[in-house]
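What follows is a single structure, written as structure tokens, with notes after it.
Just so it is clear, the structure is predicted and the values come from calculations on it, not from any experiment.
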Amino acid sequence: MSSRRVVLALALSSLRYRAAASLASFVAIFVGCGLLIACAGLFETAIVLKAAPERLSAAPLVVGGSAGFKLPDEESQVVPYAERAVLPEDQVAKISAVQGVGQAVPDVSFATVLLHDGAPAEPGASVLSGHGWDSASLGGYKLTEGTAPNTPGQVVLDSATASAAGLHAGSAVDLAVNGQRQSFQISGVAQPSQTVRAPAFFFSVADTQRFNPHPGTVGLVGVFPANGIDATELAGKISEQVPSLTVLTGDDRGSAEFVGVSGSQLPLILLAAIFGGMVLVVMALVVSATISLTVRQRQQELALLRATGATPKQVHRMVVMETMAVGALAAVCGAFLGSLLGNWIFSTSGSLGIVPDELAFTQDIIAFAAGIVVTLAITFGAAWFAALAAARARPIQALAEAAIPGAKVNAVRRMGALICGAATVLLASTTIFMPADSAAAIGGPALLTGAIGVALLGPEIIAWVVDRFGPFVRRVAGRDATLAVINTRARAVAFAAVLTPITLASAVALGNVYSETTAQKAQVNAYAGQLQADAVLTSAAGGFSPDQLAQIRSTPGVSTSSPLVTSSGWIEDPYDGNGSDPLRLLGVAPQDQGGTVLSTEVTEGSLTALRGDSVALPASVADNLEIKIGAKIKMRLGDGAQVPVTVVALLDSPSSYASMVLPADLLAAHTTSGLASQVLVRGGDASAIGSALSDRTKDWPGVTVGDDSTLAASFQASADVEALINYLLAVLAIAYAAIAAVNTLSVAVLGRRREFGAQRLAGADRGQVKRMLFVEGGIVAVTGLVLGIVISLFTVVPMALTTGEIIPSGPVWVFLAVVLAIFLIVWPATALSARLAMRRNAIEAVKMPGQ
């Protein structure tokens, strides 16, 4: 039999005698592989953006406006628009003229909400539910009762909505259309060809033209090919003959129907990329620590193999083969976990509002293969390096090290730790000079570089802590702490494997959460601080009509009122260079004699000129682009329209969260709904104004009146969606690190059966041994917590400084929860492992192999 086969047979046979160590390696690799495959699935979902159409399912092709903004400095990259890009009506005729098109059906969508007792029947439901009757064919809607809406004032309801509300043909129904309450006669009820979750209300041609928020345009066009014409080939023809449009087939049509699908691509990519990178680093550290610990516990056995004639190469190969056998099995099982985790993370993201419900999770063979290959590569690298020291050591030296393992690390690890420490300091110092809205991307990796540095210097850190604080621990914890301190010092290498995941968990938790809460507070304060209001009106029925705005202005006590429109866009000429991070756009009414709702100081120009095609720019943006008052620039708004505007004012806006201010009428015309969903009001007495506005709007569907805190709450809701990504990342990373901590701690304790047996033979009882272990665990837990806190400060403090604060923002309970969680990880795992390790009587335990 060849030496390779002998080594392989020895490696496989030894696994059955090392169940605890093999199980620990299996769990670390299994969970890590599952997380990597889940991340790969999220990334694939973001690339594919598969969303099966519902209301447009009957149309083989769907034609929409431009897919997104092609960045001038990076033309291959297209950033999705924040609003729906519409098409001019004349494009419908051009599409119909393409050879092979059987029928081109335009679709117009506008805000329509079913009312019940004067209020929206489904609060929070999508409001873009009004359409022209002609577009009913796009979803295969067929009348089940009644007739089509041929005259103004008639409407057809979908069967699900009619059934839920108890309505039928001939009934009268109240609807809020574009924010205004109106009564209609139900002319018919229609059944779609497949399930459509969103309600649909179909109106006559005259009403559709009247309610269209963007006159002269259509939202999209459904295309039915002529008989015998292939839909894919026809899509290519339409793209060639009618350029600058987006032609979609298959499940891609869903991105035209559901506005939020395209916009979810960037958050999903960030979620997958950031979390994937974090999992890679955490997995590498965790797997390395676990394998190194199991190899260290076998040092005496490996030394005996060397002493009996085994070559360093054979010992090295045996350790690698053992680990890869466990790793291969764990990676295969991890594929099943990756499928479950991917679906769970994606569904959780949907429930939190990070991605739309209509987007489908995609995870095919590429995601599984990538996760398994990377997992096996990490496992091989960890095993190779862990076995290297044991294979190279002289037999006599290895036997001595097995008895008292040294805490000193080699020069390579020390140099790596110094590089990681320098990188942590460099990232933190660089963050201070970055804008707050991009600082997190720069400072976040400092958590990982700091944790890697701790992992490399772990044994020396444990030894230093025990040497420095050992006397204090003895005084506080009593006589049981004496042996605990000695053991922790002697087993610094083993405890360093436990220290790494604890440090990671606390650093990631505190760093991610407090950097996000600090940035979120600064963001909300910056955006809300640019506006001022004594009362804020909010519509849940689509927005405020011009007539309603006029009534608000005429309310007694109101000195200034302004619709508030929000969106995002770019300065295209001269290009602002923001790329995938467009600036926030605010739309407000021009300043009048009663004042303005803008609280930002005007450094140059005047807001009285903010009318028509004009803009007020943050002074910092204008300075960077060398734009002066009176300059004519070109802006790319949220629906893809390029609009030439004149700069009429410069604002002293916060440099990190600046907003470009446009006339509300101009910006609203380039949003999906075409209406403002909020109105800001100023006057003398806030309570009196609020009362007067409540009386004025009591019959307006879905309208609520709040104070100035409503403004901050609306920005907070938007910021919360972004923050939830970081929270989700933190929870998953902490969970993995916690599993790893329990894993390594259990292996470390279970490997000390002989030691515990000897102590019990010498007179110690089980309680004393457990108290000793609790003190050891406490030393490691406190050390990991302190290191995690210090590492997190390299992210959190620079983030606070970029926002103009010194002390980070965030709830104290998060810190207390992290501290409690670490001890709940360490002590219960210690107690359970100690109980398992001392199940046998002392004499049997001493006879067992181990340290």
query = So do Val648 and Val615 actually touch side chain to side chain, heavy atoms under 4.5 Å?
reply = no
key: Ile571 and Asp573, any side-chain heavy atoms less than 4.5 Å apart   = no
query = Between Arg611 (side chain) and Pro590 (backbone), is there a donor-acceptor pair under 3.5 Å?
reply = no
Considering all heavy atoms, the nearest His214-Gly674 contact = CE1-CA, 4.1 Å
key: Heavy atoms of other groups near Phe43 CZ, more than 12 under 6.0 Å   = no
All pairs passing salt bridge (Lys or Arg N to Asp or Glu O under 4.0 Å) where residues 238-252 contributes a residue, at least two apart = Lys50-Asp251
ask   = Is any side-chain N of the basic residue among Lys634 and Glu572 closer than 4.0 Å to the acidic one's carboxylate O?
value = no
query = Given the rule in the side chain to side chain contact (heavy atoms under 4.5 Å, CB included) test, do Ile345 and Leu42 qualify, once you have shown the distances and angles that lead to the verdict?
reply = CA-CA 9 Å; Ile345 294 172; Leu42 293 174; 3.8 Å; yes
task = Kindly write out the residues that satisfy side-chain contact (heavy atoms from CB on, under 4.5 Å) with Thr208, not counting sequence neighbours, or none if the list is empty.
result = Val108, Phe110, Phe203
query = Atom NZ of Lys237 and atom CG of Leu61: how far apart are they, to the nearest 0.5 Å?
reply = 12.0 Å
request  = Show your working on side chain to side chain contact (heavy atoms under 4.5 Å, CB included) between Val221 and Val105 and close with a plain yes or no.
outcome  = CA-CA 5 Å; Val221 179; Val105 180; 5.8 Å; no
remark   = Tightest non-hydrogen contact, residues Tyr141 and Ala200, listed as OH-CB, 3.8 Å
ask   = Looking only at heavy atoms, what is the nearest atom pair of Pro574 and Leu625, with distance?
value = O-CD1, 3.9 Å
request  = Using a cut-off of 6.0 Å, state whether more than 12 heavy atoms not belonging to Asp652 lie near its atom CG.
outcome  = yes
request  = Specify whether Phe202 and His131 have parallel, tilted or perpendicular ring planes, treating 30° as the upper limit for parallel and 60° as the lower limit for perpendicular.
outcome  = tilted
ask   = When you measure from the side chain of Ser239 to the backbone N and O of Ala235, does any donor-acceptor pair fall under 3.5 Å?
value = yes
remark   = So salt bridge (Lys or Arg N to Asp or Glu O under 4.0 Å) across residues 616-625, not counting sequence neighbours, yields none
message = Under a 3.5 Å distance rule, please check whether Arg84 uses its side chain to pair with a backbone N or O of Gly65 as donor and acceptor.
response = no
Ring centre gap for Phe69 and Trp570 strictly below 6.0 Å = yes
remark   = When rounded to the nearest 0.5 Å, the distance separating CG of Leu564 from OG of Ser561 is 12.0 Å
inquiry  = side chain to side chain contact (heavy atoms under 4.5 Å, CB included) for Ser57 and Glu257? Distances and angles first, verdict last.
reply    = CA-CA 10 Å; Ser57 59; Glu257 179 175 349; over 6 Å; no
ask   = Nearest heavy-atom pair of Val113 and Ala541: which atoms, and what distance?
value = CG2-CA, 4.1 Å
request  = Could you tell me whether the side chain of Glu83 and the main chain of Ser568 form a donor-acceptor pair under 3.5 Å?
outcome  = no
request  = Could you tell me whether the side chain of Val588 reaches within less than 4.5 Å of the side chain of Leu610, counting heavy atoms only?
outcome  = yes
task = Taking the side chain as every heavy atom from C-beta outward, state whether Leu87 and Val92 have any pair of such atoms under 4.5 Å apart.
result = no
ask   = When rounded to the nearest 0.5 angstrom, what distance separates OG1 in Thr112 from CZ in Phe211?
value = 7.5 Å
inquiry  = If we ignore hydrogens and angles and just use 3.5 Å, is the side chain of Gln530 paired with the main-chain N or O of Leu598 as donor and acceptor?
reply    = no
Pairs satisfying side-chain hydrogen bond (donor to acceptor under 3.5 Å, both in side chains), at least one member in residues 85-95, at least two apart = none
message = Do Ser244 and Ser66 make a side-chain contact, defined as non-hydrogen atoms from C-beta onward lying under 4.5 Å apart?
response = no
request  = Please confirm whether the backbone N or O of Val223 pairs with a side-chain atom of Gln103, one donor and one acceptor, at under 3.5 Å?
outcome  = no
request  = Using atom types as modelled and distance alone, determine if a side-chain donor or acceptor of Thr697 lies under 3.5 Å from a backbone N or O of Leu693.
outcome  = yes
ask   = Under 3.5 Å, side chain of Ser539 to main-chain N/O of Phe544, donor-acceptor pair present?
value = no
ask   = Is there a side-chain contact between Leu56 and Leu220, using heavy atoms and a 4.5 Å cut-off?
value = yes
inquiry  = Looking at Arg682 and Ser562, would you say the former's side chain and the latter's main chain have a donor-acceptor pair under 3.5 Å?
reply    = no
note = One should read off an interatomic distance between Leu617 CG and Ile633 CD1, to the nearest 0.5 angstrom, of 4.5 Å
request  = Please assess Asp107 against Val218 for the test side chain to side chain contact (heavy atoms under 4.5 Å, CB included), listing each intermediate value before the final yes or no.
outcome  = CA-CA 6 Å; Asp107 176 62; Val218 297; over 6 Å; no
note = One should read off an interatomic distance between Thr600 OG1 and Leu531 CG, to the nearest 0.5 angstrom, of 7.0 Å
query = Out of Thr246, Leu359, Leu248, which residue meets the side-chain contact (heavy atoms from CB on, under 4.5 Å) rule with Ser255?
reply = Leu248
query = For the atom pair CG (Asp665) and CG (Asp613), what is the distance rounded to the nearest 0.5 Å?
reply = 11.0 Å
remark   = Residues at least two apart in sequence or cross-chain that pass side chain to side chain donor-acceptor pair (under 3.5 Å) with Thr608, listed by chain then number, are Ser606
Donor-acceptor contact present, side-chain Asn178 to main-chain Gly543, <3.5 Å = no
ask   = Looking only at heavy atoms, what is the nearest atom pair of Asp639 and Ala669, with distance?
value = OD2-O, 4.4 Å
key: pair Pro663-Ser614: side-chain heavy atoms closer than 4.5 Å   = yes
remark   = When every non-hydrogen atom of Gln678 is compared with those of Val536, the smallest separation belongs to NE2-CG1, 3.8 Å
Residues Arg181, Asp174: salt bridge by 4.0 Å N-O rule = yes
task = Output every pair passing salt bridge (Lys or Arg N to Asp or Glu O under 4.0 Å) with a member in residues 206-221, not counting sequence neighbours, ordered by first then second residue.
result = Asp207-Arg210
message = If you define the side chain from C-beta out and look only at heavy atoms, does anything of Arg584 sit under 4.5 Å from Ser567?
response = no
